[in-house]
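As the structure lists them, so they are numbered: ligands from 1, and atoms in each ligand from 1. Any value given below was found using the heavy atoms of this structure, including those in side chains, with hydrogens, waters and symmetry copies removed.
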Amino acid sequence: MKISYGEFPILAECVLAIGAFDGVHIGHQNVLEKLKYQGNKLGIETVVCTFDPPPRHYFQNALILTQLEDKLARIHSFGINHCIVEQFNMIYLQKSANAFIKDIKQLNPKLIIVGEDFRFGRNRLGDIPLLQSHFLVETIYPVCCKEGKVISSTRIRKLLSKGDRKLAAAFLGLDKLV
Ligand SMILES: Cc1cc2nc3c(=O)[nH]c(=O)nc-3n(C[C@H](O)[C@H](O)[C@H](O)COP(=O)(O)O)c2cc1C
Ligand SMILES: Nc1ncnc2c1ncn2[C@@H]1O[C@H](COP(=O)(O)OP(=O)(O)OP(=O)(O)O)[C@@H](O)[C@H]1O
C-alpha cells in the first residue's frame, strides 16, 4: 500500500473510501471489503482517505483506538492500494465541504463508498446528497451487534472505559486486546 501524507496520488481513476477509521472496527472492515470488491470488479485502484488524529480526538479528546501506524497496517491488510493521510488540525478543519470535494476530484473517483452517517467539511456541513451531486456514491448499511445497535468507535471507547475488553475486542474483530 502506498501512503501519501497530505498529497494526492495521480490516478486515472479509483474507488475511494473516506473516514477516520479509528480502530478499523468491523463496521469499517465492511467498508474496506466493499471497497476492495468494487476495485476488483471495476479493475481500478482502491484508495482510502483518512484523518490523523481522528476528528473526534481533535474536538473531544476521545481516546485513540489505533495509533496511525497500527491503523495503516490494518487498512493495508485489506489489500488497499493507496492511503492518503490528511493531518487533521486547526487549518485543515477550516476547509469547506466544497473545497474538500474539489480536492478529492483530483483522484478521479468512479465510486465513493461511505457509511450512511458520513459528514465532511467545516462544521460538518457536507453530507451524502452533496457528495452524490458530484460523484457516484455507495452507502453502506450500518453493521450492528446482535442486539441491533450500530457498532462505532465511540461505542468501543465506552466499552473500554467500562472495562468490557471482551466485547470491545469482538467489535474490533480481534480475538483479544493486547
Ligand atoms: C475538510 C474537513 C473539515 C472538517 N471540519 C469539521 C468541523 O468543523 N467540525 C467537525 O466536527 N468535524 C469536521 N470534520 C470531520 C468530519 O465531521 C468527519 O469526522 C470526517 O469527515 C470523517 O468522517 P467519519 O467521522 O465518518 O469517519 C471535517 C472533515 C473534513 C474532511
Ligand atoms: N457500523 C458501521 N457499519 C458500516 N459503516 C460504518 C460503521 N461505522 C462507521 N462506518 C463508516 O466507516 C467510515 C469511517 O467511519 P468513522 O471513522 O466515523 O467511524 P465511527 O465508528 O462512526 O466513529 P466515531 O464513533 O468516532 O464517530 C464512514 O464512512 C462511516 O460511515
Side-chain angles (χ1 to χ4, degrees), residues 5-8 15-38 46-68 70-72 74-75 78 80 83-107 109 111-132 134-161 167-168 170-173:
Y5 294 90
E7 268 180 20
F8 282 40
V15 275
L16 173 68
I18 309 162
F21 293 103
D22 186 27
V24 197
H25 60 62
I26 57 179
H28 297 149
Q29 292 175 22
N30 197 245
V31 173
L32 297 173
E33 277 162 7
K34 294 260 161 51
L35 183 69
K36 191 66 196 165
Y37 170 82
Q38 290 292 359
T46 46
V47 181
V48 169
C49 176
T50 192
F51 307 99
D52 183 61
R56 237 176 242 284
H57 174 79
Y58 182 89
F59 287 110
Q60 297 158 20
N61 203 26
L63 174 76
I64 297 179
L65 298 172
T66 38
Q67 293 300 327
L68 182 60
D70 187 17
K71 174 163 82 169
L72 292 173
R74 280 166 74 74
I75 293 172
F78 284 82
I80 304 305
C83 188
I84 300 161
V85 181
E86 295 282 25
Q87 204 189 336
F88 200 83
N89 57 26
M90 205 164 56
I91 297 163
Y92 187 79
L93 70 87
Q94 302 296 333
K95 199 184 277 276
S96 68
N98 280 314
F100 182 71
I101 284 175
K102 205 173 158 197
D103 279 0
I104 56 176
K105 276 195 177 163
Q106 295 171 53
L107 293 165
L111 177 68
I112 298 182
I113 300 179
V114 287
E116 286 180 345
D117 59 349
F118 179 66
R119 309 290 299 213
F120 59 98
R122 188 170 58 231
N123 296 329
R124 294 172 57 85
L125 287 174
D127 57 10
I128 290 178
L130 178 64
L131 206 59
Q132 281 171 328
H134 293 267
F135 307 102
L136 183 62
V137 178
E138 178 179 343
T139 51
I140 300 291
Y141 195 73
V143 174
C144 297
C145 66
K146 55 179 190 295
E147 286 78 31
K149 271 177 69 185
V150 175
I151 290 163
S152 68
S153 306
T154 303
R155 199 168 157 206
I156 295 168
R157 291 181 194 111
K158 282 191 191 138
L159 288 170
L160 289 173
S161 74
L167 195 55
F171 289 174
L172 288 165

Legend entry - Sub-4.0 Å atoms of ligand 2 with respect to non-hydrogen atoms of Arg56: 24 (P), 25 (O), 26 (O), 27 (O)

Inset, instruction - Starting at CZ of Phe120, measure out to CG of Asp103 and round the result to the nearest 0.5 Å. - result: 11.5 Å

Inset, instruction - May I ask you to identify, for Thr154, whether its side chain, its backbone, both or neither come under 4.0 Å of ligand 2 on a heavy-atom basis? - result: both

Legend entry - Among Cys145, Ala62, Gly115, closest by any non-hydrogen atom to atom 30 (C) of ligand 2: Gly115

Legend entry - Nearest-contact summary for atom 27 (O) of ligand 1 - protein heavy atom, Å: Ala20 N, 2.7 Å

Inset, instruction - Report yes if some N/O of Phe118 lies less than 3.5 Å from some N/O of ligand 2; otherwise report no. - result: no

Inset, instruction - Hey, could you give me the CD/CD1 distance between Glu33 and Ile26, rounded to the nearest 0.5 Å? - result: 10.0 Å

Inset, instruction - Number the atoms of ligand 1 from 1 as they appear, then name those within less than 4.0 Å of a heavy atom of Lys95, with their elements. - result: 1 (C), 3 (C)

Inset, instruction - Looking only at distances, please establish whether an N/O atom of ligand 2 is found under 3.5 Å from an N/O atom of His28. - result: yes

Legend entry - Parallel, tilted or perpendicular: ring planes of Phe51 versus Phe88, cut at 30 and 60 degrees: perpendicular

Legend entry - Separation between CG of Leu65 and NE2 of His57, rounded to the nearest 0.5 Å: 11.5 Å

Legend entry - Heteroatom proximity flag, Ser153 to ligand 2, N/O under 3.5 Å: yes

Inset, instruction - Decide yes or no for Arg155 and Val150: does some side-chain heavy atom of the first lie under 4.5 Å from some side-chain heavy atom of the second? - result: no

Inset, instruction - Using a 4.0 Å heavy-atom cut-off, say whether Val143 meets ligand 2 through its side chain, its backbone, both or neither. - result: both

Legend entry - Distance flag for atom 14 (N) of ligand 1, protein heavy atom under 4.0 Å: yes

Inset, instruction - May I ask you to check whether over 12 heavy atoms, not counting those of Glu116, lie within 6.0 Å of atom CD? - result: yes

Inset, instruction - Check whether more than 12 heavy atoms from other residues, nucleotides or ligands sit under 6.0 Å from atom CD of Gln132, and answer yes or no. - result: yes

Inset, instruction - Could you check if a side-chain atom of Phe135 sits within less than 4.5 angstrom of a side-chain atom of Ile101, using non-hydrogen atoms only? - result: yes

Inset, instruction - Specify whether the nearest protein heavy atom to atom 18 (O) of ligand 2 is under 4.0 angstrom away. - result: no

Inset, instruction - Looking only at protein heavy atoms, identify the closest one to atom 11 (O) of ligand 1 and say how far it is in Å. - result: Arg124 CD, 3.3 Å

Legend entry - CA sep, side-chain torsions, deciding dist, call: Asp52, Lys71, salt bridge (charged side-chain N to carboxylate O under 4.0 Å, His left out): CA-CA 10 Å; Asp52 183 61; Lys71 174 163 82 169; 5.5 Å; no

Inset, instruction - Measure the CZ-NZ distance between Phe171 and Lys149 for me, rounded to the nearest 0.5 Å. - result: 8.0 Å

Legend entry - Over 12 foreign heavy atoms within 6.0 Å of OH, Tyr37: no

Inset, instruction - Of the side chain and backbone of Gln60, name the one, both, or neither that has a heavy atom under 4.0 Å from an atom of ligand 2. - result: neither

Inset, instruction - Ignoring hydrogens, just give me the one of Ala17, Ser152, Pro54, Cys144 whose non-hydrogen atom is nearest atom 22 (O) of ligand 2. - result: Ser152

Inset, instruction - Of the side chain and backbone of Pro55, name the one, both, or neither that has a heavy atom under 4.0 Å from an atom of ligand 1. - result: side chain

Inset, instruction - Hey, could you give me the OG1/NZ distance between Thr139 and Lys34, rounded to the nearest 0.5 Å? - result: 10.0 Å

Inset, instruction - Using a 4.0 Å heavy-atom threshold (strictly under), name the region of Phe100 that reaches ligand 1: side chain, backbone, both or neither. - result: side chain

Inset, instruction - Under 4.0 Å from a heavy atom of Phe120: give me the atoms of ligand 1 that qualify, with their elements. - result: 21 (O)

Inset, instruction - Answer yes or no: is there a side-chain heavy-atom contact under 4.5 Å between Arg122 and Phe100? - result: no

Legend entry - Proximal candidate to atom 16 (C) of ligand 1 [heavy atom criterion; set Arg119, Glu116, Gln94, Arg122]: Arg119

Legend entry - Backbone or side-chain N or O of Pro142 under 3.5 Å from ligand 2 N or O: no

Inset, instruction - Can you see which heavy atom on Ala17 is nearest to which on Leu35, and at what distance? - result: N-CD1, 3.8 Å

Legend entry - Any His25 heavy atom less than 4.0 Å to ligand 2: yes

Inset, instruction - Distance to 0.1 Å, residue and atom name: give those for the protein heavy atom nearest to atom 23 (O) of ligand 1. - result: Phe118 CE1, 3.4 Å

Inset, instruction - Taking the side chain as every heavy atom from C-beta outward, state whether Thr50 and Cys83 have any atom pair closer than 4.5 Å. - result: yes

Inset, instruction - Identify which of Leu125, Asn123, Val114 has a heavy atom lying nearest to atom 7 (C) of ligand 1. - result: Asn123

Inset, instruction - Identify, for atom 10 (C) of ligand 1, the protein heavy atom at the shortest distance, and state residue, atom and that distance. - result: Phe59 CE1, 3.2 Å

Inset, instruction - Measure the distance from atom 1 (N) of ligand 2 to every protein heavy atom, then report the residue, atom name and distance (to 0.1 Å) of the closest one. - result: Ile151 O, 2.8 Å

Inset, instruction - In sequence, state the C-alpha distance, the side-chain angles, and the governing distance for His25 and Thr66, and then conclude on side-chain contact (heavy atoms from CB on, under 4.5 Å). - result: CA-CA 10 Å; His25 60 62; Thr66 38; over 6 Å; no

Inset, instruction - Run the contact test for Val31 against ligand 2 with a 4.0 Å cut-off on heavy atoms, strictly below, and give the result. - result: yes

Inset, instruction - Mark up the atoms of ligand 2 that fall under 4.0 Å of a heavy atom belonging to Val114, in ascending order. - result: 29 (O)

Inset, instruction - Answer side chain, backbone, both or neither: which part of Ile18 comes under 4.0 Å from ligand 2, heavy atoms only. - result: backbone

Legend entry - Nearest-option assignment for atom 28 (C) of ligand 1, heavy atoms, candidates Phe88, Phe51, Tyr58: Phe88

Inset, instruction - Please could you name the atoms of ligand 2 that Ala20 approaches to less than 4.0 Å, counting only its heavy atoms? - result: 17 (O)

Inset, instruction - Work out which heavy atom in Val47 is nearest to a heavy atom in Ile84; give both atom names and the distance. - result: CG1-CD1, 3.8 Å

Legend entry - Contact atoms of ligand 2, heavy-atom distance to Gly27 under 4.0 Å: 1 (N), 2 (C), 3 (N), 4 (C), 5 (N), 7 (C)

Legend entry - Asp22 bridged to Arg157 by N-O distance under 4.0 Å: yes

Inset, instruction - Starting from atom 6 (C) of ligand 1, locate the nearest protein heavy atom and write down its residue, its atom name and how far away it is, to 0.1 Å. - result: Gly121 O, 3.5 Å

Inset, instruction - Would you mind listing which atoms of ligand 2 come within a distance below 4.0 Å of any non-hydrogen atom of Arg157? - result: 26 (O)

